Amino acid sequence: MTIGQAAFAASGLNRAAHLRQSELDSDQVLAFWRGKVALTGSAPDLRPLWLPASHPVFTSASEPPVFLGDDDGVLRHARDLSSWVPDGVAPSVGAFFDPSVQHHPELPDTAGFYELRGVMTALAARDAELVATAKALLGWHQSHRYCAACGQPSSPAEGGWMRLCPSCETRHFPRTDPVVIMLVTHGNDLLLGRSPHWPEGMYSLLAGFVEPGETLEAAVAREVLEEAGIEVGPVRYISCQPWPFPTSLMVGMAAEATTREITLDPAELDDAVWLSREDVLAATAGQHPKIKPARQGAIARTLIEEWLAGRIGEGK
């Protein structure tokens, strides 16, 4: 099935794994600060700010750049600058969505560090894939500085695609967490829910992490039953999306509910509702009195729009 493309979908980037063990010089390095990416321009025309490796902004970096790939003959890297302390940090930094923009004194006035959730649809497909790869990889380095086998500090290796423990020689590799996100329907109705920490009015498709020893289909059935008390029939794969918040792969699935009564797990959901196709259309258009549209660029929005267009449904 071909469906609309969500943000961060494959753009054909050559990951060039054969170059990861080489010492690569690069004049194309992308800076990150606390998970936020350095972009230049103004919305909706934003693009990554690629800098030479010798740029003074990187003097505060504590670890080497990570290699992202061969972008049509240009070797791309990224580097973390989280040790930099700006003058005043907005209270929204680190929140679910951070609209603030930080400006580094060594960067042009047109550049700033942006929260990726807010700008992902403004980026070209190749830029979005590069930024998502960099954000996920740098986030993994931030949270895996110590060897899980012996507890000693580990060091980046192979262009940032591995961490090596110099004490016990254990090798650690970046992880990706599979998450199922479910388009659950019952006739003309769609099941939507909201997490307790989400902004007011934000609803989306139910989602959850795949557990060890579990198939995607079983994860869908378990998560929907656990979170909303709804049972589902056969489950189908639709599409997927890399989601670097921090290192997930969102696996879009579709299922038809066999029960309708909602029983919430309050630890997982603040609310869940069945919405008719007409109400979902109003919400997607920003015209629903209670429910805001799903975020542009997220696979949830893509799945919902495909369902509204009749391209996803029972037997399709």
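What's counted below: heavy atoms across the whole structure, side chains too, no hydrogens, waters or symmetry copies. We're numbering straight along the sequence, starting at 1. Everything numeric here is computed off the predicted structure, so don't read it as measured data.
The shortest non-hydrogen separation linking Ala157 to Leu164 is CB-CB, 4.4 Å. Residues Val66 and Gly160 approach most closely at CG1-CA, 3.9 Å, considering heavy atoms. Listed here is the closest heavy atom pair of Gln102 and Pro86: CG-CG, 4.4 Å. The two residues Glu231 and Leu225 come nearest to each other via the heavy atoms CG-CD1, 3.9 Å. When all heavy atoms of Ile299 and Ser239 are compared, the closest pair comes out as CD1-O, 3.7 Å. The shortest heavy-atom contact between Thr170 and Cys147 is CB-SG, 4.0 Å.
Between Arg301 and Pro293, some side-chain heavy-atom pair lies under the 4.5 Å cut-off. In this structure, Lys36 and Glu115 have side chains that are in contact, with non-hydrogen atoms separated by less than 4.5 Å. Side chains of Leu68 and Glu129 form no contact here, defined as non-hydrogen atoms less than 4.5 Å apart. Side-chain atoms of Ser248 and Phe209, non-hydrogen and from C-beta on, do get closer than 4.5 Å to each other. Contact check for Leu183 versus Glu306: no side-chain heavy atoms found under the 4.5 Å cut-off. When side chains are defined from C-beta on, Cys150 counts as touching Cys165, because their heavy atoms get closer than 4.5 Å. Looking at heavy atoms from C-beta onward, Leu123 lies in side-chain contact with Leu39 at the 4.5 angstrom threshold. When side chains are defined from C-beta on, Met120 counts as touching Arg295, because their heavy atoms get closer than 4.5 Å.
The CZ atom of Arg20 lies 11.5 Å from the CE atom of Met162; values are rounded to the nearest 0.5 Å. The structure places OH of Tyr237 at 8.5 Å from CE of Met253, a figure rounded to the nearest 0.5 Å. Here Leu116 contributes atom CG and Phe32 contributes atom CZ; the two are 7.0 Å apart, rounded to the nearest 0.5 Å. Between Asp127 atom CG and Leu46 atom CG the span is 10.5 Å, to the nearest 0.5 Å. Interatomic distance, Arg79 CZ to His141 NE2, rounded to the nearest 0.5 Å: 12.0 Å. The CG atom of Asp70 sits 10.0 Å away from atom CZ of Arg76, with the distance rounded to the nearest 0.5 Å.
More than 12 non-hydrogen atoms from other residues, nucleotides or ligands lie less than 6.0 angstrom from CZ of Arg145. For Glu278, the CD atom is densely surrounded, since the number of other residues' heavy atoms within 6.0 Å is greater than 12. Under a cut-off of 6.0 angstrom, the local environment of CD in Gln21 is sparse, with at most 12 non-hydrogen atoms contributed by other residues, nucleotides or ligands. Within a 6.0 Å sphere centred on CZ of Arg171, heavy atoms belonging to other residues, nucleotides or ligands number 12 at most. Surrounding OH of Tyr146 are at most 12 heavy atoms belonging to other residues, nucleotides or ligands under 6.0 Å away.
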- Given side chain to side chain donor-acceptor pair (under 3.5 Å), test Gln296 with Thr121 step by step and report yes or no. CA-CA 7 Å; Gln296 284 278 11; Thr121 58; over 6 Å; no

- Query: Can Asp279 and His288 be said to form a side chain to side chain contact (heavy atoms under 4.5 Å, CB included), step by step?
  - Reply: CA-CA 7 Å; Asp279 279 340; His288 194 278; 4.1 Å; yes

- Message: I'd like to know whether Glu256 forms a side chain to side chain donor-acceptor pair (under 3.5 Å) with Thr258, so could you lay out the CA-CA distance, the side-chain angles of the two residues, the decisive distance to 0.1 Å, and finally the verdict.
- Response: CA-CA 7 Å; Glu256 182 75 10; Thr258 57; over 6 Å; no

- From CA spacing to verdict: side chain to side chain contact (heavy atoms under 4.5 Å, CB included), Leu81, Phe58: CA-CA 7 Å; Leu81 303 178; Phe58 295 120; 3.7 Å; yes

- Carefully, step by step, assess Lys135 and Phe245 under the rule side chain to side chain contact (heavy atoms under 4.5 Å, CB included). CA-CA 8 Å; Lys135 178 176 170 60; Phe245 305 103; 3.6 Å; yes

- Under the side chain to side chain contact (heavy atoms under 4.5 Å, CB included) criterion, do Glu305 and Arg311 qualify, and how do the steps go? CA-CA 9 Å; Glu305 289 179 345; Arg311 290 187 285 268; over 6 Å; no

- Take Arg34 and Asp98 through the test salt bridge (charged side-chain N to carboxylate O under 4.0 Å, His left out) and record every step on the way to the result. CA-CA 11 Å; Arg34 298 191 187 181; Asp98 172 19; over 6 Å; no

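Under the 4.5 Å side-chain heavy-atom criterion for ILVMFWY residues, a single connected hydrophobic cluster contains both Trp33 and Leu49. Note on Val179: it does not cluster hydrophobically with Val210, by side-chain heavy-atom contacts below 4.5 Å among ILVMFWY residues. When the side chains of ILVMFWY residues are joined at heavy-atom separations under 4.5 Å, either directly or via intervening members, Val184 and Ile181 end up in two distinct hydrophobic clusters. Hydrophobic clustering (ILVMFWY, side-chain heavy atoms < 4.5 Å, transitive): Leu192 and Met250 are in one cluster. A chain of hydrophobic side-chain contacts below 4.5 Å, direct or via other Ile, Leu, Val, Met, Phe, Trp or Tyr residues, connects Leu264 to Val224.
A cation-pi contact, defined as under 6.0 Å to the ring centre and within 45° of the axis, is absent between Arg175 and Trp140.
Distance alone, capped at 3.5 Å, is enough to place a donor-acceptor pair between the Gln241 side chain and the Ala7 backbone. Between the side chain of Trp307 and the backbone N or O of Arg277 there is no donor-acceptor pair closer than 3.5 Å. With Arg163 contributing its side chain and Ser154 its backbone, the two residues share a donor-acceptor pair below 3.5 Å. Not one N or O on the side chain of Ser195 forms a donor-acceptor pair closer than 3.5 Å with the backbone of Trp198.
A tilted orientation is assigned to the rings of Trp84 and Phe113, their planes being inclined by 30° to 60°.
Salt-bridge formation is detected for the pair Arg126/Asp72: a Lys NZ or Arg NE/NH1/NH2 atom is positioned less than 4.0 Å from an Asp or Glu carboxylate oxygen. Checked for salt-bridge contact, Asp270 and Arg194 meet the test: a charged N lies under 4.0 Å from a carboxylate O.
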